[in-house]
A.B. asks: 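Shown below is the structure under consideration.
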There are 2 protein chains.
Amino acid sequence: MAYGIGEVAARTGLSVHALRFWEREGVFVGPIVRDGGGRRVFSDDDIGWVELCARLREAGMPLEAIRAYADLVRQGPGNEPDRLALLRAHQERIEARMAALSVGLSMISYKVRIYEKRLAEGTAATLWATPPASND
Amino acid sequence: MAYGIGEVAARTGLSVHALRFWEREGVFVGPIVRDGGGRRVFSDDDIGWVELCARLREAGMPLEAIRAYADLVRQGPGNEPDRLALLRAHQERIEARMAALSVGLSMISYKVRIYEKRLAEGTAATLWATPPASND
DNA sequence: GCTTGAGCTAGAGCCCGCTCTAGCTCATAT
DNA sequence: ATATGAGCTAGAGCGGGCTCTAGCTCAAGC
């Protein structure tokens with residue numbers, strides 16, 4: 001099947017601007033086909049790749065990294081070790097990011113518990129007394 | 001104890017530029033004290049707060065959100081429900097972010113497994129045959 | 001024939017969170 | 001006395017990733 005850029009945008013949740021931008025940045029593997037009037041025509045495969053990229057972006061992968069991966073894929077078979085290295089590197093980045101997030105999350109959860117407790121006591125005691133400081 | 005901005009930077013891993021920037025942006029709770037020559041003098045409490053902020057930033061909290069929280073703390077006790085709401089909102093943001101990361105991570109891990117398998121077979125078979133495509 | 005809608009390009013603009021620069025003031029060490 | 005080092009302010013610049021604009025081309029419908 002063939003799709004116009006607008007349809008692809010609608011399907012993937014990206015803007016048409018973003019799609020054109022990604023193309024300029026070399027994020028797509030096969031060059032997007034154009035029709036008689038110069039308009040982009042996306043295939044199902046193209047959409048699959050766009051969706052893959054969208055998910056990688058959501059996972060915080062920089063456009064640059066996606067472009068590098070696309071470059072390898074574009075060059076065809078033979079560079080599997082390079083692709084694997086790239087993927088592993090980003091696996092680690094994501095894991096590091098998640099670790100940082102979970103530190104932050106547990107800090108916030110801790111504070112949430114404290115405030116919930118204070119509030120519960122507050123409604124019980126009706127008064128705020130001198131609040132425990134400790135960097136709030 | 002009292003610390004110069006350089007010491008604080010060294011201890012927290014932030015740059016002196018970033019610290020000054022954060023102050024301008026209202027991220028700090030008490031206004032930072034100045035010495036005779038107009039230089040910032042940080043207390044241990046200040047450092048504690050800076051470290052808290054640093055961790056929140058690492059967890060992806062926007063400066064603006066931290067500033068909002070600092071505003072509430074600065075106003076003193078009485079707005080605990082607001083603080084709690086702010087914290088809960090960011091708890092949810094972090095959870096959402098982690099969910100997105102984990103989707104990306106599992107996609108990448110899946111691909112890593114595929115490439116590892118291909119490579120293992122490759123070293124066994126010495127040849128790359130026609131590779132299974134499926135959007136690489 | 002004319003409008004409407006989708007698409008095109010090149011390039012400007014924007015937001016965030018710094019980072020860097022210029023030009024200055026102090027305190028201290030030599 | 002002067003050189004070094006830390007700090008100061010105001011403001012410019014930057015990188016990433018879009019987003020938006022201007023000015024254009026087409027194709028279809030009325």
Side-chain angles (χ1 to χ4, degrees), chain A residues 1-28 31-43 46-47 50 52-70 90 93-94 97 100-101 104, chain B residues 1-28 31-43 46-47 50-70 90 93-94 97 100 104:
Chain A
M1 274 290 292
Y3 310 86
I5 198 172
E7 257 174 298
V8 178
R11 263 162 202 263
T12 60
L14 296 159
S15 71
V16 299
H17 300 290
L19 287 168
R20 291 196 278 243
F21 178 72
W22 284 14
E23 191 193 31
R24 276 206 286 291
E25 295 295 297
V27 161
F28 298 151
I32 303 296
V33 177
R34 302 301 183 108
D35 70 7
R39 289 165 182 150
R40 291 167 185 84
V41 180
F42 291 75
S43 69
D46 292 333
I47 293 194
V50 170
L52 168 60
C53 294
R55 233 142 271 149
L56 293 174
R57 287 291 302 121
E58 277 160 26
M61 188 177 292
L63 233 40
E64 165 62 24
I66 300 180
R67 200 193 44 67
Y69 185 69
H90 291 290
R93 287 168 51 99
I94 293 180
R97 205 73 251 295
L101 284 181
Chain B
M1 275 291 291
Y3 311 86
I5 197 172
E7 257 175 297
V8 178
R11 263 161 203 263
T12 59
L14 296 159
S15 70
V16 300
H17 300 291
L19 287 168
R20 292 198 276 244
F21 178 72
W22 285 13
E23 191 194 31
R24 276 206 287 291
E25 295 295 297
V27 161
F28 298 151
I32 303 296
V33 176
R34 303 302 185 106
D35 71 5
R39 289 163 180 149
R40 290 167 186 85
V41 180
F42 291 75
S43 69
D46 292 334
I47 294 195
V50 169
E51 274 166 350
L52 168 61
C53 294
R55 234 141 271 149
L56 293 173
R57 287 289 303 122
E58 277 160 27
M61 189 179 288
L63 233 40
E64 164 61 24
I66 300 180
R67 198 193 45 68
Y69 185 68
H90 290 290
R93 285 168 53 100
I94 294 180
R97 204 75 252 294

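Letters A, B, ... are given to chains in the order of the sequence lines, protein chains preceding strands, and every chain is numbered from 1.
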A.B. asks: Describe the nucleic acid contact of R40(B) in one word from base, sugar-phosphate, nothing, applying a heavy-atom distance below 4.0 Å.
C.D. replies: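 Touches sugar-phosphate only.
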A.B. asks: Tell me, do R40(B) and R20(B) make a side-chain contact under 4.5 Å, heavy atoms counted?
C.D. replies: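 Yes - at least one pair of side-chain heavy atoms lies under 4.5 Å apart.
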A.B. asks: Ignoring backbone atoms, test whether W22(B) places a side-chain nitrogen or oxygen under 4.0 Å from the OP1 or OP2 oxygen of dG17(C).
C.D. replies: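 Checking W22(B) against dG17(C): no side-chain N or O falls below 4.0 Å of OP1 or OP2.
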A.B. asks: Between I66(B) (CD1) and dG17(C) (C1'), how many Å, whole number?
C.D. replies: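 To the nearest whole Å, that distance equals 11 Å.
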A.B. asks: Do F21(A) and H17(A) have side-chain heavy atoms sitting under 4.5 Å apart?
C.D. replies: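 Not in contact.
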A.B. asks: For chain A and DNA chain D, what are the first and last nucleotides along the strand, 5' to 3', with at least one atom under 4.0 angstrom from a heavy atom of the protein chain?
C.D. replies: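 Counting from the 5' end, contacts occupy dG17(D) to dC26(D).
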A.B. asks: Quick check: on DNA chain D, is the nucleotide nearest E64(A) upstream (toward 5') of the one nearest E7(B), or the reverse? Name the residue that is more 5'.
C.D. replies: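 Closer to the 5' end of DNA chain D: E7(B).
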A.B. asks: Which heavy atom of W22(B) sits nearest to which heavy atom of C53(B), and what is that distance?
C.D. replies: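 Smallest interatomic distance, heavy atoms only, reads CZ3-CB, 3.5 Å.
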A.B. asks: Starting from the 5' end of DNA chain C, give me the residue, G37(B) or R57(B), whose nearest nucleotide shows up first.
C.D. replies: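 In this pair, the answer is R57(B).
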A.B. asks: Which part of the nucleic acid, if any, lies within contact of G36(A), taking any heavy atom under 4.0 Å across all strands shown: a base, the sugar-phosphate backbone alone, or nothing?
C.D. replies: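 Nothing: the residue G36(A), judged by heavy atoms under 4.0 Å, touches no strand.
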A.B. asks: R34(A): which residues meet the side chain to side chain donor-acceptor pair (under 3.5 Å) condition with it, sequence neighbours left out?
C.D. replies: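 Scan of R34(A) (side chain to side chain donor-acceptor pair (under 3.5 Å), adjacent residues dropped) gives E23(A).
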A.B. asks: What is the distance, rounded to the nearest whole Å, between atom CZ of R24(A) and atom P of dA12(C)?
C.D. replies: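 It works out to 12 Å between those atoms.
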A.B. asks: Can you measure from NE2 (H90(A)) to OH (Y69(A)) and round to the nearest 0.5 angstrom?
C.D. replies: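 So the NE2 of H90(A) and the OH of Y69(A) are separated by 11.0 Å.
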A.B. asks: Which is more 5' along DNA chain C, the nucleotide nearest H17(B) or the one nearest L63(B)? Just name the residue.
C.D. replies: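 Its nearest nucleotide lies further toward 5', so the answer is L63(B).
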A.B. asks: Do any pairs count as a side-chain hydrogen bond (donor to acceptor under 3.5 Å, both in side chains) and have a residue in residues 52-64 of chain B, sequence neighbours left out, and if so which ones?
C.D. replies: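 Counting only pairs at least two positions apart or across chains, the side-chain hydrogen bond (donor to acceptor under 3.5 Å, both in side chains) contacts touching residues 52-64 of chain B are E64(B)-R67(B).
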